[in-house]
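Note sheet for the following structure.
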Amino acid sequence: MKIYHKFLLYQNKLLKPYIRIILGLVEALTYLASLLLIVGVVYEHGFPLSPGEVEQIQVLYKAVWIIFLIDVTLHISLEYRNTKKQYRRLAWILSGLLYLTLVPVIFHRPEEEGAILQVWEFLHGKFYHLVLLLIFSLLNLSNGLVRLLGRRTNPSLILAVSFLAIILIGTGLLMLPRCTVNGITWVDSLFTATSAVCVTGLVPVDVSTTFTTSGLVVIILLIQIGGLGVMTLTSFFAMFFMGNTSIYNQLVVRDMVSSNSLGSLLSTLLYILGFTLVIEGIGMISIWFSIHGTLGMNLEEELAFAAFHSISAFCNAGFSTLSGNLGNPMVMTNHNWLFISVSLLIIFGGIGFPILVNFKDIVLYHLRRFWKFVRTRKLERHKVQHLYNLNTKIVLIMTFLLLLIGTLAVAAFEWNASFAGMPVADKWTQAFFNATCPRTAGFSSVDLASLSVQTLLVYLFLMWVGGGSQSTAGGVKVNAFAVVVLNLVAVLRGSERVEVFGRELSHDSIRRSNATVVMSLGVLFLFIFILSILEPEASLLALTFECVSALSTVGSSLNLTPQLCDASKLLVSLLMFIGRVGLITLMLGIVKQKKNTKYRYPSDNIIIN
């Protein structure tokens, strides 16, 4: 018996290196197969195909299916213990569904009609095979991307590259013949894809007349991916379906999504996706009720319209399927609830996911107290004092002040100008809507070029500040702006500490906020300067408006975007990319980080005044 155990131990040590090599090669082949499958699906649905090309694509699908089967089988048979640790229950279920595709191969088609025949045909059908293979492809690629973090790759660089990859993929998709009516140049396609992924809304073409239904589907998918964040989605897929990842991976993802701990990381990712789907679903229903039976659409078109605008609004993208955006004559009258619904979606998307999670905790706390009171008929004496965390308080107060000031300012300057002839209710609705949209949404109900200079200056300020951190909005963020203002107040009052709501702000928060504001102004000056050379006929106000809108991922424009030359469009695309990834994040990925030293130089003062 001892000799037998020694033999097994020796065999294990001897074979294990070769097993790892084999599995490594199969994994690399699986990643390649995943990419080829996605390319094949895009090619099949993006181009008109000949019978020969259709047959070649079917061969590709079959080859990918065989590779996935081999991959799952080898992992289970050769490394069962590790696979059992890594795979979650859903991964086992998916593996079982993949093995079910062998049923039509092993068993002939049943001759008798009935449930067995229907199951056989379903398992043999292209829909079941293709959907399952696509799920496996996305899981494999997500797992591979998250595993890159385990190689100590710069997380900021991975985040930037992942956004860039989605933009390039979106560019190729939008150039497919079936996605446009009469074709599109690669510059306009790149610009539109960048605007969608960076949830901006600036477009050089008319979306409603340029893109087909397939093109609009691609755009809304890019908006959803860009709004949630590439790493948020890939991390969710990798951790929820594939199972355990390294501690370093989890630490990096935790910092990206602002989770409190590793234990709550997966729940945080679930909350982010859950809040997104629930809010967008409620928004879709609300928008559908506001336009039902008024736009000359059938039920399917109305639901598609509502879903598109709900996603676009919550992600602060500003894309619309209507010609002229939401300033289209069909919705400008008797559709106040549409504008209010879109505005509320923009606000919820712009306050940030950490605030939504804090709201969830507060609601659950009060529900638990109420339920305890119902059961015991005794009111709990001890209450949690700090239900709203500091970040939530700052974001909510700043958001309320900016919306209030913006609404009053727009109403005051445009009451008898752009809003002339509207009923009073419509004027207040449009004032609120036009104060909300500069918070990085980019929808428009009036021609911005017709607004007064004072309103445009208010727009510029609101666009530059933007929404909350860890949200779908852009700008320098209300968090950073509030910290800079509080720091200024502390300096003017001669205080050595920045204090608010009984808390002292950390030195790191103040440093990062000041750096964000300074870098934002510096980048804006540089790009405005370059664009003034490339576009000598454009006014300085229009160029400034365009650059602030792009960097803050707003999407508003003084009708300058379609008139830009190709070089200017590429620069504005770069500005949108910088604004979405984040100035600090992008610089952390580019600039070599200095190691913390244990010594400190003597301090000295610089003459400021």
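Quick note: numbers below take in every heavy atom, side chains included, and nothing from hydrogens, waters or symmetry partners.
A distance of 5.0 Å separates OG of S310 from CD1 of I287, quoted to the nearest 0.5 Å. Atoms OG1 and CD1, on T399 and I347 in that order, are 8.0 Å from each other to the nearest 0.5 Å. Distance check: E546 CD to L571 CG gives 11.5 Å after rounding to the nearest 0.5 Å. Between the CG atom of L462 and the CD1 atom of I405 there is a distance of 8.5 Å, given to the nearest 0.5 Å. Rounded to the nearest 0.5 Å, atoms CG (L558) and CZ (F545) are 5.0 Å apart. The OG atom of S320 lies 4.5 Å from the CG atom of L326; values are rounded to the nearest 0.5 Å.
The backbone N or O of L540 lies less than 3.5 Å from a partner atom in the side chain of T544, making a donor-acceptor pair. Formation of a donor-acceptor pair under 3.5 Å by the N316 side chain with backbone atoms of I346 is found in this model. Not a single donor-acceptor pair under 3.5 Å links the side chain of S520 to the backbone N or O of T516.
Under the 6.0 Å distance and 45° angle rule, K569 does not count as a cation-pi partner of F191.
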### Task
Output, in order, the C-alpha distance, side-chain angles, deciding distance and verdict of side chain to side chain contact (heavy atoms under 4.5 Å, CB included) for K427 and E414.
CA-CA 9 Å; K427 288 184 177 182; E414 303 300 329; over 6 Å; no

### Task
Test L457 against F413 for side chain to side chain contact (heavy atoms under 4.5 Å, CB included), laying out the working first.
CA-CA 11 Å; L457 292 176; F413 293 124; over 6 Å; no

### Message
What verdict does the side chain to side chain contact (heavy atoms under 4.5 Å, CB included) test give for L505 and L390, after you've listed the backbone C-alpha separation in whole Å, the side-chain angles of each residue and the deciding distance to 0.1 Å?
### Response
CA-CA 10 Å; L505 297 184; L390 181 60; 3.7 Å; yes

### Message
If you apply the rule side chain to side chain contact (heavy atoms under 4.5 Å, CB included), what do you find for L551 with F527, and how did you get there?
### Response
CA-CA 10 Å; L551 183 63; F527 276 79; over 6 Å; no

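The minimum heavy-atom distance between A431 and A411, with the atom names listed, is CB-CB, 3.8 Å.
Classified by interplanar angle (parallel below 30°, tilted 30° to 60°, perpendicular above 60°), the ring pair F433/F443 is tilted.
Between L356 and I279, some side-chain heavy-atom pair lies under the 4.5 Å cut-off. Counting heavy atoms from C-beta outward, V478 and I397 have side chains that stay 4.5 Å or more apart. L570 is not listed as a side-chain neighbour of L574, based on a closest heavy-atom distance of 4.5 Å or more.
Remark: the E280 side chain and the Q224 side chain contain an N/O donor-acceptor pair separated by less than 3.5 Å. In summary, the side chains of N434 and S445 do present a donor paired with an acceptor at a separation below 3.5 Å, with no hydrogens or angles considered.
In this structure, the ring of F314 has its center no less than 6.0 angstrom from the ring center of F275.
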